[in-house]
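In what follows, a structure is listed as structure tokens, so that the remarks can point back to it.
Every chain is numbered from 1, with letters handed out A, B, ... down the list of sequences.
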Protein chains: 2
Amino acid sequence: MQQKVSIKDIANHVGTSITAVSFVINGKAKEKYISDKLAAKIQKAIDELGYQPNLLARSLRTGKSNIIGFLVDDISKPFFSGLARAIDEKAAVHGYKIIFSSTGNDRERTTEILNIYQERRVDAYVAALAEGLETEIGGLIGGETPVVLFDRYLPGLDADYVLTDNFWSTAAATQHLIDNGFENIAFITIDTRQQQMLDRLRGYSEVIDRSGKKQEVLKIKYQDSEHATQLIKAFLQKHSHLDAVIFAANYLTMDGLKLSRTSDEGLLQSKGVVSFDDFELLEFIRPSITAVEQPIEAIAENIIQLLLKKLAGGATAKTAKPLVINLQAKLNVRQSSKPQNAQT
Amino acid sequence: MQQKVSIKDIANHVGTSITAVSFVINGKAKEKYISDKLAAKIQKAIDELGYQPNLLARSLRTGKSNIIGFLVDDISKPFFSGLARAIDEKAAVHGYKIIFSSTGNDRERTTEILNIYQERRVDAYVAALAEGLETEIGGLIGGETPVVLFDRYLPGLDADYVLTDNFWSTAAATQHLIDNGFENIAFITIDTRQQQMLDRLRGYSEVIDRSGKKQEVLKIKYQDSEHATQLIKAFLQKHSHLDAVIFAANYLTMDGLKLSRTSDEGLLQSKGVVSFDDFELLEFIRPSITAVEQPIEAIAENIIQLLLKKLAGGATAKTAKPLVINLQAKLNVRQSSKPQNAQT
DNA sequence: TTTATTTGCGTAAACGTTTAAGTTATTCGA
DNA sequence: TCGAATAACTTAAACGTTTACGCAAATAAA
């Protein structure tokens with residue numbers, strides 16, 4: 001009943017043309033020489049009849065859907081859903097709406113989603129994709145529609161990125177442990193070619209080397225959680241001289257923490273621990289764990305700004321060389337100094 | 001370059017009318033008497049030219065956007081983002097896309113979002129709203145566009161609901177504690193008129209009464225986390241005979257767990273604990289905590305089914321009386337029997 | 001053979017906008 | 001006083017679909 005009042009209805013009600021109505025709706029009354037009197041009457045009708053523009057029609061006409069497609073592994077992961085919220089709110093300010101999808105790291109699903117996005121005529125893409133999906137998103141990158149990638153850098157893809165500075169953040173975390181008196185610091189990561197993991201490892205390596213200490217790295221060929229926990233356990237048992245551990249990803253931290261549920265709880269209990277990626281759990285866990293927190297708000301803000309710039313400056317932006325923005329993470333220190341057998 | 005091939009292009013390429021093309025696109029070739037030969041030629045052109053329908057145009061014409069508006073407090077809450085993912089995937093199967101927004105429990109923001117949804121001509125609404133926003137969503141309920149509410153029941157609103165059976169679930173949890181030998185079971189909730197909290201309390205009360213035991217209830221006037229933790233602490237100290245506690249909401253469980261970070265860790269350590277709402281943290285926390293897990297998949301499935309039914313059967317569905325679906329939650333038992341000074 | 005159906009396809013209107021290109025009436029400079 | 005500029009509107013096309021009609025040819029019925 002309320003849904004259906006259109007520009008034409010307004011025009012008829014006032015006794016004018018739809019053009020005039022359109023102009024005042026779009027705030028072009030002055031510019032287009034609509035008299036104040038007519039403009040006022042139209043505005044009155046708009047309010048009284050409760051007119052709401054049909055964005056579908058507008059989009060069809062203007063060729064801009066004002067929709068941004070957002071694509072990640074799994075939208076229910078805290079990092080992604082947090083970012084989704086931030087981005088959604090910032091986009092709303094500029095009249096854009098976000099649509100989300102989870103690829104589940106599946107190739108077919110990904111092309112399917114991208115297809116749907118194209119059919120819905122999204123104005124831009126925002127995506128964090130795993131390696132192996134380069135070609136699917138790659139096809140979009142030269143095209144009409146702007147693309148901004150985040151979270152993970154894909155070496156093959158010459159695109160615009162908004163990233164956490166993994167090298168810097170890990171270096172800072174490592175330095176933090178050193179500053180607090182830890183001597184033998186291990187780094188637990190996965191065996192991969194993912195750029196962000198390599199950067200994290202490099203951050204650790206360089207700081208350790210510069211300090212004259214010895215690197216102690218465990219690279220896990222990741223199969224499943226159980227398996228990883230076992231490898232971590234063996235590693236820690238073998239290197240009993242370690243007094244601190246850095247986990248290079250949140251799931252590794254979790255796998256490590258699972259040791260505390262078994263009889264092996266001493267293994268981590270007595271050490272300084274730093275987790276890459278902060279999560280709620282860490283506020284509660286004992287021993288308390290320092291964490292590298294991704295700057296979600298900043299990431300969201302940079303993505304939106306980059307996008308707006310690309311959306312605004314059509315051709316100019318297209319010829320510009322891709323931008324890689326590296327944002328510094330925050331180190332959430334939960335316990336810093338090293339008592340006898342300490343934690344951080 | 002790829003973006004712009006339309007029905008008309010196909011028609012010109014084949015040398016036929018756009019009508020014919022439209023028919024084969026929509027699989028109405030047979031029905032509309034398009035010869036197999038023409039249909040094949042058209043199909044060939046569609047594939048070769050890489051035609052993608054413009055869903056905006058289609059929506060404008062058909063009056064169906066195939067978009068569902070989803071509205072919650074905060075999409076980054078695990079329960080909501082998990083549900084979002086589940087619902088998104090199920091909706092995709094039926095050609096629907098979800099758009100999400102977070103109200104932040106703000107009245108103005110809520111009306112704003114609903115306005116945007118109307119402008120985008122969503123086909124249906126899915127929402128979980130806090131009390132106080134009844135009127136904003138209430139205006140939609142009689143209207144053209146189907147509405148399904150979930151998670152929280154608003155007594156004033158005669159709408160379709162998909163809910164977790166709070167009464168049943170809490171009763172089951174309480175019974176579980178009794179069955180495992182706990183004698184003095186407390187219930188910690190907030191002082192509110194929220195229906196779901198009242199139902200949970202009722203579930204506890206009835207089972208306790210029936211068992212002949214004594215009710216021990218703490219109703220917190222919730223201000224902030226710190227304050228709640230203090231009240232919980234005082235309560236537990238005062239009633240030292242308690243051997244089990246049920247927290248009526250996940251944030252209460254968290255506030256309770258914060259006791260473990262202070263010197264008062266003994267207070268919960270020695271007791272059986274059940275949390276309403278499960279969350280990742282609980283898998284790691286010690287003492288381990290049994291939890292009531294909301295059936296996310298089932299909720300998503302029921303929402304979609306209900307929606308599809310309402311979308312299909314226009315007028316018939318509108319006259320039907322509102323449906324309230326109550327889904328049973330799952331009790332995730334992490335430690336059940338009561339040793340001397342036990343946990344559950 | 002004539003008439004009625006079925007088959008196969010095209011014309012054109014409509015969905016609700018935006019906007020280029022008119023049209024008329026008014027003001028104005030010289 | 002008159003053409004030109006300006007002010008105030010309107011007409012109509014276009015965006016890419018779907019779909020009610022219309023029309024002719026082929027087939028079936030009479």
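- Rounded to an integer number of Å, the gap from CD of A:Q118 to C1' of D:dG16 is 17 Å.
- Below the 3.5 angstrom threshold, one finds a donor paired with an acceptor across the side chain of B:T19 and the base of D:dT19.
- Using cut-offs of 30° and 60° on the angle between ring planes, the pair B:F80 and B:F150 is perpendicular.
- The residue A:T16 sits close only to the backbone: its heavy atoms come under 4.0 Å of sugar-phosphate atoms, none of a base.
- Residue whose closest nucleotide on DNA chain C sits further toward the 5' end, between B:L60 and B:I18: B:I18.
- By the 4.0 Å N-to-carboxylate-O rule, A:K28 lies too far from A:E31 to be salt-bridged with it.
- Checked for salt-bridge contact, B:K321 and B:D158 miss the test: no charged N lies under 4.0 Å from a carboxylate O.
- Ring-plane geometry between A:F70 and A:F100 is classed as perpendicular, the angle between the planes exceeding 60 degrees on a 0 to 90 degree scale with a lower cut at 30.
- Distance B:I7 CD1 to C:dT11 P: 15 Å, rounded to the nearest Å.
- One can place CG of B:D9 at 10 Å from P of D:dC15, the figure rounded to the nearest angstrom.
- Spacing between atom OH of B:Y51 and atom C1' of D:dG16 amounts to 7 Å, rounded to whole angstrom units.
- Residue contacts for A:S6: at a heavy-atom cut-off of 4.0 Å it reaches the sugar-phosphate backbone alone, with no base atom in range.
- Distance, A:N66 CG to D:dC15 C1': 16 Å, rounded to whole Å.
- Side chains of B:T164 and B:Q294: a donor on one and an acceptor on the other come within 3.5 Å.
- Atom NZ of A:K41 sits in a sparse spot, with 12 or fewer heavy atoms from other residues, nucleotides or ligands closer than 6.0 Å.
- Closest contact between the side chain of A:S17 and the listed nucleotides D:dT17, D:dT10, C:dT17 involves D:dT10.
- The nearest whole Å value for the distance from the CG atom in A:L55 to the P atom in C:dC15 is 18 Å.
- As a whole-Å value, the separation of A:D123 CG from D:dC15 C1' is 15 Å.
- The separation between B:R121 atom CZ and C:dT17 atom P is 7 Å, rounded to whole Å.
- Across the interface with DNA chain C, nearest-nucleotide mapping of B:A39 and B:T62 shows B:A39 to be the residue nearer the 5′ end.
- Side chains of A:E119 and B:N54: no donor on one and acceptor on the other come within 3.5 Å.
- Residues of residues 25-38 of chain B that place a heavy atom closer than 4.0 Å to DNA chain D, in numerical order, are B:N26, B:K28.
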